[in-house]
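First up is the structure itself, then whatever we jot down about it.
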Amino acid sequence: GENVGLHLPTLSVQEGDNSIINCAYSNSASDYFIWYKQESGKGPQFIIDIRSNMDKRQGQRVTVLLNKTVKHLSLQIAATQPGDSAVYFCAEISGGSYIPTFGRGTSLIVHP
Amino acid sequence: EAGVTQFPSHSVIEKGQTVTLRCDPISGHDNLYWYRRVMGKEIKFLLHFVKESKQDESGMPNNRFLAERTGGTYSTLKVQPAELEDSGVYFCASSPLGPSSGNTIYFGEGSWLTVV
């Protein structure tokens, strides 16, 4: 079946570096994408979202890029901090659906 | 305003026993979702309520899982009898009525279930 997945399960970076977390999706009907951050012992928290009529959206220290041609989504975190250490999930919602579909997640480890 | 609350936060039970997880959504949120994350894997959708009605239960793994949402308020997810593969984190989320957007879906901290 169609799914949302991630290329790298673990990403280790040094504090201050920029981080890039990638996500591939295969459902061509997906028109809305969300990045979530899950810290240890907590539930997923919304970071940033993007609709399929856009290819880039920026937030505070985070940027999401969407490439619909190759069905690829990425989350860029600038000047990564130890507090950014968490598991990051991409999720997609298609066509007026109510239900986010999640990928596997990438564990980001930030070394001080 | 209180967020989505889940109880218990952690539970360790023996194979064959029954466990009931509870979720209290944010007040006024008609959409309620249950998800499960098995260690190291994706967060998988289980089911979706709109008020007290089950809209989509396509993700429920088998008939050992029973979800209810009495009166459209809190929801329970019962696993009976529990098996080893049921271990994982069970997340509940809620959102206001209408198509979802990321910043209106709120997740609880999860109920961590270990079946031994």
Side-chain angles (χ1 to χ4, degrees), chain A residues 1-10 23-27 29-52 54 57 59-60 62 64 66 73 75 86-107, chain B residues 2-10 21 23-26 29-51 53-60 88-112:
Chain A
E2 296 184 310
N3 59 72
V4 177
L6 289 169
H7 295 302
L8 299 173
T10 303
C23 177
Y25 67 95
S26 57
N27 185 352
S30 298
D31 58 3
Y32 178 56
F33 303 88
I34 309 164
W35 279 101
Y36 288 94
K37 174 185 181 184
Q38 187 192 353
E39 296 177 272
S40 180
K42 296 186 179 180
Q45 292 179 294
F46 170 83
I47 302 173
I48 192 169
D49 57 1
I50 188 168
R51 297 203 176 271
S52 59
M54 304 172 68
R57 191 163 187 223
Q60 186 176 14
V62 294
V64 56
L66 175 62
L73 191 69
L75 177 70
V87 178
Y88 290 80
F89 293 92
C90 66
E92 58 93 3
I93 301 177
S94 59
S97 168
Y98 290 63
I99 301 168
T101 300
F102 286 82
R104 183 178 168 191
T106 292
S107 176
Chain B
V4 177
T5 57
Q6 294 187 243
F7 182 83
S9 57
H10 292 80
L21 310 177
C23 170
D24 285 80
I26 292 174
H29 280 192
D30 290 329
N31 286 310
L32 187 148
Y33 315 81
W34 282 100
Y35 285 85
R36 175 173 72 173
R37 184 178 181 219
V38 174
M39 184 62 68
K41 298 195 175 180
E42 70 271 28
I43 299 174
K44 296 196 76 172
F45 167 77
L46 296 179
L47 87 160
H48 168 221
F49 285 98
V50 176
K51 299 183 181 179
S53 299
K54 292 177 186 175
Q55 292 295 296
D56 184 342
E57 50 184 330
S58 60
M60 295 287 265
V89 186
Y90 290 78
F91 291 109
C92 177
S94 72
S95 68
L97 194 63
S100 298
S101 65
N103 59 0
T104 61
I105 303 171
Y106 297 87
F107 283 81
E109 295 192 341
S111 288
W112 297 68

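Here the structure is a predicted model, which is why all the values come from computation and not from measurement. Throughout, protein chains are lettered first and strands after them, A, B, ... in sequence-line order, and every chain is numbered starting at 1.
With a 4.5 angstrom heavy-atom cutoff, A/Glu39 does not touch chain B via any of its atoms.
Shown here is B/Lys51, whose NZ atom has no more than 12 heavy atoms of other residues, nucleotides or ligands within 6.0 Å.
Here the CG-CD1 distance, from A/Asp49 to B/Ile105, works out to 9.5 Å after rounding to the nearest 0.5 Å.
Between A/Gly43 and B/Phe91, the shortest heavy-atom contact is CA-CE2, 3.5 Å. Nearest heavy-atom pair, B/Arg37 versus A/Arg104, reported as atom, atom and distance to 0.1 Å: NH2-O, 4.3 Å.
Remark: B/Tyr35 pairs with A/Phe102, B/Phe45, B/Phe107 by the ring-ring contact (aromatic ring centres under 6.0 Å, His included) rule, at least two apart or across chains. Evaluation of the side chain to side chain donor-acceptor pair (under 3.5 Å) rule for B/Asp30 yields no partner, not counting sequence neighbours.
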